[in-house]
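Hydrogens, waters and symmetry mates play no part in the numbers below; they use all other heavy atoms, side chains included.
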Amino acid sequence: MTNTTETRRPFLNRNVGFVAGLNGGKQAYALLMGAYLTTDADFRTGADGKKDLLRCNIAINVNPWSLLGKEVEEAHADDPHINADAPFMTLAAFGETAKRYAGLKKGTKILFSGPLSVNTFKRKDGTEGAAVQVIANELIVASSRACDGDDPKGTVHCMTSMYKDQAGNEGEQRLCVLTGTVKSSKELNVTPAGQCVRNFTIDIGMSATKAEALCNGTFNKDTKYPEGSYVNLARWGEAAKHLDKVLVPGNVVAVLAALVVRETEDGNRFVNGTARDIAVLKWAKTDEVAAPAPEAAPASAPNSYPAAPEDSAEYAGSETGYAFADFDGEDELPF
């Protein structure tokens, strides 16, 4: 978050990585990223076999070109329309996601996952323009002055993150975005090695073992998964020190996590996970804990946006390397 005497930008989640593209090289992907709508959403019903389309301008708290890597950022360093002081990009969503969020208004705070790329277009005056765009494979509304946040959706958005360790060896990790209600949270703990960790439990509104199977690519539609919906999570590192307001029981949160199943000696199975990122979608309303005031959206924004993207990537990203996303029919583009 940047603070100066002239501007105070709201904190927004920004878990973004680079990926292996279809034709080699790297592609950027938003694993879990926050933004504010700077225009009302434009919703169009699909025709001639095309899916419904939603698109809008959004504002983030960094230079959008920086999300695509140093080379792209340097190539667009002199862009007067998109930079650190004009942190605007475009968002598109399709199918059921577009229909669900057709009525989003300017000022709404959202979280999303999806491929990031450059969209070129012509302005009204005929000049060529370019903007950073995201195709939102997952879209979630968070609490803000414009509206209340989403309730748990009972769904899981999955991706596979590939990375290189310090020795240069490649590996991969399955990740997912979950939404749920915080049920309990333990105090901050510091391990003998000096690592900070905060443990908490969320109710995700669906079978936790089914969510784990979806996340790790082992889901079988013929399997009957237990109804238990609690997931036990741990947030490690410096960020674990700053979760007192986030992990209040009753808060609805979105979590980027890696999941595993642990089985006890008596045969009980529990779903545990490591949280990579956490965002509050809806603050608990209790007498004991006062919810912080929702953040305000940036005041200024462009009045128009480029044409909708014409293609999508099959790959997703991670902070440590590259990855590919698992798409279903609703996430594919209609053209």
Report task. Could you check Asn63 against Glu73 for side-chain contact (heavy atoms from CB on, under 4.5 Å), going step by step and ending with a plain yes or no? Result -> CA-CA 8 Å; Asn63 180 359; Glu73 183 179 11; 3.8 Å; yes

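- The closest side-chain heavy-atom distance from Ser143 to Val280 is not below 4.5 Å.
- Listed for the Lys51 side chain is no donor-acceptor partner under 3.5 Å among the backbone atoms of Gly95.
- Counted within 6.0 Å of CZ on Arg269, heavy atoms from surrounding residues, nucleotides or ligands total 12 or fewer; the atom is thus considered open.
- In this structure, Met206 and Lys153 have side chains that are not in contact, with every pair of non-hydrogen atoms separated by 4.5 Å or more.
- Of the possible donor and acceptor atoms, one in the side chain of Thr39 sits under 3.5 Å from a partner among the backbone N and O of Asn57.
- Under the 3.5 Å distance criterion, the side-chain polar atoms of Asp151 are left unmatched by any main-chain donor or acceptor of Val252.
- A donor-acceptor pair under 3.5 Å is formed between the side chain of Arg235 and the backbone N or O of Arg276.
- Ala284 approaches Gly250 most closely through the heavy-atom pair CB-C, 3.5 Å.
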Query raised in the report: Which is it for His157 and Asn137 under the side-chain contact (heavy atoms from CB on, under 4.5 Å) test, yes or no, and what are the steps along the way?
Result: CA-CA 8 Å; His157 176 66; Asn137 296 327; 3.6 Å; yes

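- Note on Leu214: it does not cluster hydrophobically with Phe270, by side-chain heavy-atom contacts below 4.5 Å among ILVMFWY residues.
- Contact detail for Pro249 and Ser184: the closest heavy-atom pair is CG-CA, 4.5 Å.
- Atoms CZ and NZ, from Phe200 and Lys183 in turn, are 14.0 Å apart once rounded to the nearest 0.5 Å.
- Interatomic distance, Ile58 CD1 to Met33 CE, rounded to the nearest 0.5 Å: 6.5 Å.
- Transitive grouping of hydrophobic side chains (ILVMFWY, heavy atoms separated by less than 4.5 Å) keeps Ile202 and Leu188 in distinct clusters.
- Atoms SG and CZ, on Cys158 and Phe219 in that order, are 10.5 Å from each other to the nearest 0.5 Å.
- No more than 12 heavy atoms of other residues, nucleotides or ligands lie within 6.0 Å of CD in Glu187, so this atom counts as exposed by the packing criterion.
- Hydrophobic clustering (side-chain heavy atoms under 4.5 Å, transitive across Ile, Leu, Val, Met, Phe, Trp, Tyr) groups Val72 together with Val62.
- Two residues are said to be in side-chain contact when any heavy atoms from C-beta on lie closer than 4.5 Å; Lys105 and Leu37 fail this criterion.
- No side-chain heavy atom of Leu32 sits under 4.5 Å from any side-chain heavy atom of Ile278.
- Between the side chain of Asp125 and the backbone N or O of Thr127, at least one donor-acceptor pair lies under 3.5 Å.
- The shortest side-chain heavy-atom distance between Leu104 and Phe43 does not fall under the 4.5 Å cut-off.
- A donor-acceptor contact shorter than 3.5 Å is absent between the side chain of Ser185 and the backbone of Val248.
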Requested in this report: I would like to know whether Thr179 and Asp150 meet side-chain contact (heavy atoms from CB on, under 4.5 Å); could you show each step before the answer?
Outcome: CA-CA 9 Å; Thr179 58; Asp150 274 342; over 6 Å; no

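- A donor-acceptor pair under 3.5 Å is absent between the side-chain atoms of Asn83 and the main chain of Asp78, judged by distance alone.
- In this structure, CG in Leu175 is found 9.5 Å from CG in Asn216, a value given to the nearest 0.5 Å.
- When all heavy atoms are compared, the tightest approach of Ala93 to Ala136 is CB-O, 4.1 Å.
- For Asp52 (side chain) and Gly46 (main-chain N/O), a donor-acceptor pair under 3.5 Å exists by modelled atom type.
- For the residue pair Val118 and Ala130, the shortest heavy atom distance occurs at CG1-CB, 4.1 Å.
- In terms of heavy atoms, Val246 sits closest to His242 at CG2-O, 4.5 Å.
- Note: Trp65 CH2 to Ile82 CD1 = 5.0 Å, rounded to the nearest 0.5 Å.
- For the side chain to side chain contact (heavy atoms under 4.5 Å, CB included) criterion with Arg14, the lone passing option out of Ile60, Leu67, Leu31 is Leu67.
- Side chain to side chain, Ser229 and Asp203 meet the donor-acceptor criterion of an N or O pair below 3.5 Å.
- Just one of Ile135, Leu139, Ile140, Val177 meets the side chain to side chain contact (heavy atoms under 4.5 Å, CB included) condition when paired with Phe112; it is Leu139.
- With values rounded to the nearest 0.5 angstrom, Asp277 atom CG is found 5.0 Å from Asn15 atom CG.
- The two atoms that bring Ala234 and Val197 nearest to each other are CB-CG2, 3.9 Å, heavy atoms only.
- No side-chain heavy atom of Pro152 sits less than 4.5 Å from a side-chain heavy atom of Leu178.
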Query raised in the report: Between Arg174 and Met159, is a side-chain contact (heavy atoms from CB on, under 4.5 Å) present by the stated rule, with each step listed?
Result: CA-CA 6 Å; Arg174 302 279 296 195; Met159 59 205 81; over 6 Å; no

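- Side chain of Arg198 to backbone of Lys186: a donor-acceptor contact under 3.5 angstrom is found.
- No more than 12 heavy atoms of other residues, nucleotides or ligands shown are found within 6.0 angstrom of CD on Glu71.
- Counting heavy atoms from C-beta outward, Leu68 and Leu116 have side chains that approach closer than 4.5 Å.
- Under the 4.5 Å side-chain criterion, counting only non-hydrogen atoms from C-beta, Met89 is not in contact with Gln133.
- Ile204 is connected to Tyr225 through a chain of hydrophobic side-chain contacts under 4.5 Å among Ile, Leu, Val, Met, Phe, Trp and Tyr, so both are in one cluster.
- Sorted by first and then second residue, the salt bridge (Lys or Arg N to Asp or Glu O under 4.0 Å) pairs involving residues 204-225 (not counting sequence neighbours) form an empty list.
- Evaluated for a side chain to side chain contact (heavy atoms under 4.5 Å, CB included) with Lys109, the options Leu12, Leu281, Val141 yield exactly one hit, Leu12.
- Distance alone, capped at 3.5 Å, places no donor-acceptor pair between the Asn251 side chain and the Trp283 backbone.
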